[in-house]
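Structure first, then comments.
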Amino acid sequence: MEWNLRRMESELRHINPDLLQPSKSFKKPSSGTITLNVGGFLYTAHRTTLAKHQGSFLEELANGKKPVQHTDSMGNPFIDRDGPVFRHVLNYLRTGELQLPDDFREAGLLRREADFYRLSELVEAVVEWESQRAAQREAAFLEVTDSHERSQGLKVYCSDPAFLDKVKGRLVQISKSRLDGFPEEFVVSSNVIQFRHFIKSEPGSRLVLKEDSTFLCTLDCLKLETVMLALRSGYKMVTSLDSSKGSVVAAEALHFVKPHWSSTDNFHTSASEPLKLGKRARLPFNRNKQIT
């Protein structure tokens, strides 16, 4: 058997001397693609893809600036790093964007791999991704304060700016007047909207624009829409309504909390317990504190 194999190899070399030699795809500058063996996983990419970031490990490897120290049995350059995570490194080089699965749990490993390949922009992208996910694991708080009787209007504070974007979009939809967009006069910050201008009328207080008193909607409608958006978005009301003011419309202040659950929310890296509030739980709200 051994003799037959040697004879076959001899015949193959006679037919094509390069057939049994290690892969030369990496060594030929004219070759457009390179196959890398990263931790036992084979990846094939264009040289231009690997060489996108000047001074990186992969750019030097692709352009022949860095000698190949190790090869596998097929002659492919071998990199003794994490194989499965390298797909995210390669996808970043291909698209210029960090796109990770919602349940990705190896951000720390990816950050270290990016550092090894000297891809500083990818390191920064992973750090930003981690901080965004950490923020989403925190509970979001919402406060709706009605001070229109004291000419301070209706204030909506939320620790999650994304919810305020929903409120803005909803006002544009329900407005009695056609709006091109949300009125900037109501925006205090990314976390605060304050509807300041109300006119008393028989049906109830009416929200208007300061400049020309354009009618937008009633106060009751605005409060109800905000509360409904909150409940549909997963917020839980923690304000107890007493018998004298038993409706959300009559309440001067409403507080909500939204626990973030990793198993259901997007972009979370690990499971977490929902926030548990006792009967006397404290919320970081101060009715008398002016948020500007």
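None of the values given here were measured: they were computed from a predicted structure. All values below come from the heavy atoms of this structure, side chains included, with hydrogens, waters and symmetry mates left out.
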I need the [X] [atom1] to [Y] [atom2] distance, nearest 0.5 Å.
| X | Y | atom1 | atom2 | result |
| --- | --- | --- | --- | --- |
| Tyr117 | Ser56 | OH | OG | 11.0 Å |
| Leu231 | Leu142 | CG | CG | 9.5 Å |
| Leu98 | Tyr92 | CG | OH | 8.0 Å |
| Leu61 | Leu36 | CG | CG | 6.0 Å |
| Asp160 | Lys258 | CG | NZ | 6.5 Å |
| Cys217 | Leu171 | SG | CG | 5.5 Å |

>> Pair Leu42, Asn76 - check side-chain contact (heavy atoms from CB on, under 4.5 Å), show working.
In response: CA-CA 9 Å; Leu42 296 180; Asn76 300 310; 4.1 Å; yes
So, does [X] use its side chain to make a donor-acceptor pair with the main chain of [Y] at under 3.5 Å?
| X | Y | result |
| --- | --- | --- |
| Thr239 | His255 | yes |
| Asn91 | Arg87 | yes |
| Lys52 | Leu93 | yes |
| Ser233 | Tyr235 | no |
| Ser131 | Val127 | yes |
| Ser175 | Val172 | no |
| Arg47 | Ala62 | yes |

Test item: [X] and [Y] side chains (from C-beta on) under 4.5 Å apart, heavy atoms:
| X | Y | answer |
| --- | --- | --- |
| Arg206 | Lys200 | no |
| Thr145 | Tyr157 | no |
| Leu229 | Val167 | yes |
| Leu179 | Leu216 | yes |
| Val187 | Lys168 | yes |
| Leu209 | His197 | no |
| His53 | Glu59 | no |
| Val156 | Val192 | no |

If two hydrophobic side chains count as joined below 4.5 Å and joins carry through other members, does [X] share a cluster with [Y]?
| X | Y | answer |
| --- | --- | --- |
| Val123 | Trp129 | no |
| Leu219 | Phe215 | no |
| Leu110 | Leu90 | yes |
| Leu224 | Phe198 | yes |
| Leu154 | Val208 | no |

> Going by the angle between their ring planes, with limits at 30° and 60°, are Phe195 and Phe182 parallel, tilted or perpendicular?
Replying inline: perpendicular
> Is it true that Lys210 and Glu185 have a side-chain N and a carboxylate O under 4.0 angstrom from each other?
Replying inline: no
>> Taking the basic N atoms (NZ, or NE/NH1/NH2) and the acidic carboxylate oxygens, is any pair closer than 4.0 Å for Lys223 and Asp146?
In response: yes
> Between Leu254 and Val248, is a side-chain contact (heavy atoms from CB on, under 4.5 Å) present by the stated rule, with each step listed?
Replying inline: CA-CA 7 Å; Leu254 298 169; Val248 294; 3.9 Å; yes
Minimum heavy-atom separation for [X] and [Y], please, with both atom names.
| X | Y | result |
| --- | --- | --- |
| Phe163 | Cys158 | CB-SG, 3.8 Å |
| Ser159 | Ala139 | OG-O, 4.2 Å |
| Ser201 | Gly204 | OG-O, 2.5 Å |

>> What verdict does the side-chain contact (heavy atoms from CB on, under 4.5 Å) test give for Thr218 and Ser205, after you've listed the backbone C-alpha separation in whole Å, the side-chain angles of each residue and the deciding distance to 0.1 Å?
In response: CA-CA 6 Å; Thr218 65; Ser205 297; over 6 Å; no
>> Among residues at least two apart in sequence or on other chains, which ones pass side chain to side chain donor-acceptor pair (under 3.5 Å) with Gln69?
In response: none
> Residues in side chain to side chain donor-acceptor pair (under 3.5 Å) with Asp180, at least two apart?
Replying inline: none
> With sequence neighbours left out, what residues match Ser120 under side-chain contact (heavy atoms from CB on, under 4.5 Å)?
Replying inline: none
>> Glu121: which residues meet the salt bridge (charged side-chain N to carboxylate O under 4.0 Å, His left out) condition with it, sequence neighbours left out?
In response: none
>> Walk me through whether Thr33 and Thr44 qualify under side-chain hydrogen bond (donor to acceptor under 3.5 Å, both in side chains).
In response: CA-CA 7 Å; Thr33 60; Thr44 301; over 6 Å; no
>> Under the criterion salt bridge (Lys or Arg N to Asp or Glu O under 4.0 Å), I'd like the reasoning laid out for Arg111 against Glu130: C-alpha separation, chi angles, the key distance, then a yes or no.
In response: CA-CA 10 Å; Arg111 181 166 24 88; Glu130 287 180 296; 3.0 Å; yes
Pairs under 3.5 angstrom only: tabulate donor-acceptor contacts from the side chains of residues 77-84 to other protein residues two or more places apart or in another chain.
unit_1, atom_1, unit_2, atom_2, d
Arg81, NE, Glu113, OE1, 3.4
Arg81, NE, Glu113, OE2, 3.3
Arg81, NH2, Glu113, OE2, 2.8
Asp82, OD1, Val85, N, 2.9

> Sequence neighbours excluded, which residues qualify as ring pair (Phe, Tyr, Trp, His ring centres under 6.0 Å) partners of His88?
Replying inline: Phe104
> Is the Phe256 to Phe141 ring centre distance short of 6.0 Å?
Replying inline: no
> Below 6.0 angstrom between ring centroids: does that apply to Phe86 and Tyr43?
Replying inline: yes
> Does a donor on one side chain sit under 3.5 Å from an acceptor on the other, for Asp212 and Thr214?
Replying inline: yes
> Checking side chain to side chain donor-acceptor pair (under 3.5 Å) against Glu60, which of Lys66, Arg118, Lys65 comes through?
Replying inline: Arg118
